[in-house]
Amino acid sequence: MKSGPDDLAIFGGTPAFDRPRYVGLPNIGDRDQLFALLGEALDRRWLSNGGPLVREFERQVADLAGVRHCVATCNATAALELAIRAAGLTGEVIVPAFTFPATVHAVRWMGLTPVLCDVDPDSGLIDPASAAARIGPRTSGIIGVHLWGRPCPVTELTRVARRHGLALLFDAAQAFGSAYPGRPVGGAGLAEVFSFHATKLVNAFEGGAVVTDDGALAARVRAMHNFGIVGEDEVALTGTNAKMSEAAAAMGLVSLRGMPDFVARNRGNHRRYLAALTGVPGVELLDPDPAARHGQHYVVLRVDRERLGVHRDDLMAVLRAENVVARRYFYPGCHRMAPYRSDGWSFPHADALADALLTLPTGTAVEAAEIDRIAEVVRVVAAHAPVVAARLARPAEQAAVARRSGAARAGHQPGVPLPVAAGDEVAERGQ
Ligand code: T4K
C-alpha cells in the first residue's frame with residue numbers, strides 16, 4: 001500500500017512489483033493444443049510453404065475479417081510491403097505521422113516516398129483533411145492506420161481516395177478482430193494488413209496477413225510472398241520470401257481459439273483501469289468507451305501535464321521504478337525520427353499526443369489486483385504532484401524553481417522537497 005511520495009520506489013520505497021510488468025506481454029492460449037498442432041506438423045514433416053496449418057489459419061482469418069482472400073505472412077511489415085507492391089503504388093504515398101515506424105518504413109523500403117500527414121487531436125487516428133492536403137501530382141495512394149485497434153475514418157478516406165483516383169490501403173496491424181459499424185475490419189480499401197506479432201491480441205509468435213476481396217491482388221501477393229512462384233517451374237513476378245511457417249500458424253490457430261477469452265480479459269482490465277483512475281485529475285483513458293468495437297488490447301493514458309502537475313515522462317519514470325514498464329507509443333512521431341526528419345514538416349496534433357500518451361500493461365498476463373497497484377501509483381503521483389515533480393526535476397529546473405519561489409523558499413533544507421511553481425518547464429527529458 002502506497003500513500004505518499006516516500007512510498008514510491010523512485011524515492012526509495014519498495015517497488016510495487018518484484019519483476020517487470022511489460023506492455024505487450026503475450027497472450028499464450030492453450031499450450032496442450034499448441035503442442036498437439038506442433039506435433040502433427042513434425043509428424044507430417046511439412047513445416048512451411050503453404051502447409052495445412054497455414055491454409056487453415058488463412059481460412060479462419062479471412063472468415064473473421066469478412067473477406068474472400070487472406071495471405072498469411074511472416075510479419076505485418078512484409079505484408080505491408082507486399083500490399084504496396086501488389087497494389088502498384090508509385091511515387092508518393094500518404095501515411096500518418098503518428099504510427100509505429102513500420103507503416104512509414106514499408107513505403108520507403110519499397111523505394112517510394114512517404115508523405116506524412118497529421119492525425120486527429122483526440123483519437124490519434126489519421127486526419128482525412130490533413131491527408132487530402134498532402135496530395136500532389138506524384139501521389140498514388142494513402143495508407144490509413146487503425147491505431148490501438150480503433151478503426152480510422154474509412155468512409156472519409158475512401159471519399160478522398162476516390163476523388164483523387166488514389167489507391168487506399170489500411171495498416172490494421174493492431175486491429176485484428178476490430179469492427180467498423182456493421183462489419184469487421186479487413187474489407188476496406190484495396191487491402192488491409194494484420195499483424196500477429198507476439199504482442200498482438202492474436203499472435204503467431206511473429207506473423208502477418210494481407211486480406212482483401214480483390215482476387216487478382218490476392219494472387220499477386222500470394223505469388224510475391226513466395227519468390228513470385230506461380231507453378232513448379234514458373235516464376236511470374238519478382239518476389240520475396242515472406243511466408244508464414246507452420247509453427248507460427250499453429251500458434252496463430254491456438255491464439256484464434258483463445259481470442260474470445262483474451263478480449264474478455266482485456267475488457268475486464270480496461271474497466272478496472274477506468275474505475276481505478278476515474279477522477280484522477282489530468283489522467284484519462286484515451287478510449288473510455290466500454291462498448292468499443294475492438295479488443296481493448298491497448299490501455300492508453302492521456303496525461304495532461306498542466307492538470308496532473310507532473311509530465312508524462314516523469315509519470316513513466318515513477319512507474320518504471322515500480323517495475324511497470326509503461327511505453328510512450330508512438331513517441332516521438334515518425335516525422336521526428338532520423339530517417340524522416342524534415343525541416344518543413346510540422347504536425348502539432350501528433351506532437352501533442354507523442355508528448356502526452358502512455359501505454360500501460362494489459363492482456364491475459366495482467367491480474368485485476370495488479371491493475372489496482374498500478375493505478376495506486378498513479379493516484380499517489382496525482383495526490384502529491386508538486387512534491388513528485390520537484391523531486392524529479394533536473395538540476396537546472398531545481399534552480400529555476402528556487403529562483404521563482406524566492407523568499408518563500410529561503411532556508412530550504414537539502415533533501416526536503418521544493419514545491420513547484422506553476423508554469424515550470426521541464427527543459428531536458430530523456431528518451
Ligand atoms: N504497423 C503498426 C501500426 C504496428 O503497430 C506494427 C507493429 C506494425 C505495423 C508491424 O507489425 P510486425 O511487422 O511487427 O508484425 C512492438 C512489436 O514488436 C510490434 O509488432 C508492434 N507493432 C509494436 C506496437 O510493438 P516494440 O518496438 O515496442 O517492441 P519491444 O521489443 O519493445 O516489445 C514490446 C513490448 O512487449 C515490451 O514491453 C516487451 C513486451 N514483450 C515483447 C515480446 C516480443 C513481451 O513481453 N514478450 C515478448 O515476447 O514493437
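Basis for what follows: all heavy atoms, side chains included, without hydrogens, waters or symmetry-related copies. Remember, it's 1-based here, ligands and their atoms both numbered in the order they're listed.
Residue contacts with ligand 1: His146 is excluded, as none of its non-hydrogen atoms falls under 4.0 Å. Taking 4.0 Å as the cut-off, Pro26 counts as a neighbour of ligand 1 on heavy-atom distance. Heavy atoms of Val325 come nearer than 4.0 angstrom to ligand 1 in no pair at all. Using a non-hydrogen distance threshold of 4.0 Å, Ala106 does not register as a contact of ligand 1.
Under the salt bridge (charged side-chain N to carboxylate O under 4.0 Å, His left out) test applied with Glu58, the options Arg222, Lys243, Arg68 reduce to a single match, Arg222. Between Phe170 and the choices Val154, Val145, Val193, the side chain to side chain contact (heavy atoms under 4.5 Å, CB included) rule is met once, by Val154.
Residue, atom and distance of the protein heavy atom nearest to atom 43 (C) of ligand 1 are Thr199 CG2, 4.1 Å. In terms of protein heavy-atom proximity, atom 25 (O) of ligand 1 is closest to Tyr329 OH, 3.3 Å. Regarding atom 44 (C) of ligand 1, its nearest protein heavy-atom neighbour is His197 CE1, 3.8 Å. Of all protein heavy atoms, the one closest to atom 13 (O) of ligand 1 is Thr77 OG1, 2.6 Å. Given atom 15 (O) of ligand 1, the protein heavy atom at minimum distance is Ser195 OG, 2.7 Å. Looking at atom 39 (C) of ligand 1, its nearest protein heavy atom turns out to be Val23 O, 3.8 Å. Of the protein's non-hydrogen atoms, the one nearest atom 5 (O) of ligand 1 is Gln174 NE2, 2.8 Å. Here the heavy atom of the protein found nearest to atom 33 (O) of ligand 1 is Arg327 NH1, 4.0 Å.
Between Glu322 and Lys2, at least one side-chain N (NZ, or NE/NH1/NH2) sits under 4.0 Å from a carboxylate O, which counts as a salt bridge. One finds a salt bridge joining Asp372 and Arg272 here, because a Lys/Arg side-chain nitrogen approaches an Asp/Glu carboxylate oxygen to under 4.0 Å. Salt bridge status for Asp6 with Arg391: present, with a side-chain N to carboxylate O gap under 4.0 Å. One finds no salt bridge joining Glu156 and Arg159 here, because no Lys/Arg side-chain nitrogen approaches an Asp/Glu carboxylate oxygen to under 4.0 Å. Using a cut-off of 4.0 Å between Lys/Arg side-chain N and Asp/Glu carboxylate O, Asp63 and Arg59 are scored as salt-bridged.
In summary, the atoms of ligand 1 found under 4.0 Å from a heavy atom of Leu25, numbered by their order in the structure, are 46 (O). Listed by atom number, the atoms of ligand 1 under 4.0 Å from Ala173 heavy atoms are 1 (N), 2 (C), 4 (C), 6 (C), 8 (C), 9 (C). Interface of Ala102 with ligand 1, defined as ligand atoms under 4.0 Å from a residue heavy atom, comprises 8 (C), 9 (C), 10 (C). Close contacts between ligand 1 and Gly207 involve ligand atoms 15 (O) [criterion: under 4.0 Å to a heavy atom]. Ligand 1 places these atoms under 4.0 Å from at least one heavy atom of Thr103: 1 (N).
For the residue pair Ser3 / Asp7, a side-chain donor-acceptor distance below 3.5 Å is found, with atom types taken as modelled. Between the side chains of His146 and Glu192, at least one donor N or O lies within less than 3.5 Å of an accepting N or O.
Between the side chain of Asn269 and the backbone N or O of Thr362 there is no donor-acceptor pair closer than 3.5 Å.
For the pair Val310 and Arg305, the minimum side-chain heavy-atom distance is 4.5 Å or more.
Figure legend: cation-pi geometry between Arg293 and Tyr180 absent, as NZ or CZ is not positioned both under 6.0 Å from the six-membered ring centre and within 45° of its axis.
Relative to atom 12 (P) of ligand 1, the option among Ala209, Ala172, Ala76 with the closest non-hydrogen atom is Ala76. Residue nearest to atom 9 (C) of ligand 1, selected from Asp171, Asn203, Thr359: Asp171 (by heavy-atom distance).
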For residues 34-49, dump all side-chain donor-acceptor pairs below 3.5 Å to protein atoms at least two apart in sequence or in another chain.
residue : atom : partner : partner atom : Å
Trp46   : NE1  : Ser48   : O            : 2.7
Trp46   : NE1  : Asn49   : O            : 3.4

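Protein heavy atoms are absent from the space less than 4.0 angstrom from atom 31 (O) of ligand 1.
Checked by distance only, ligand 1 and Thr99 stay at 3.5 Å or farther apart across all their nitrogen or oxygen atoms.
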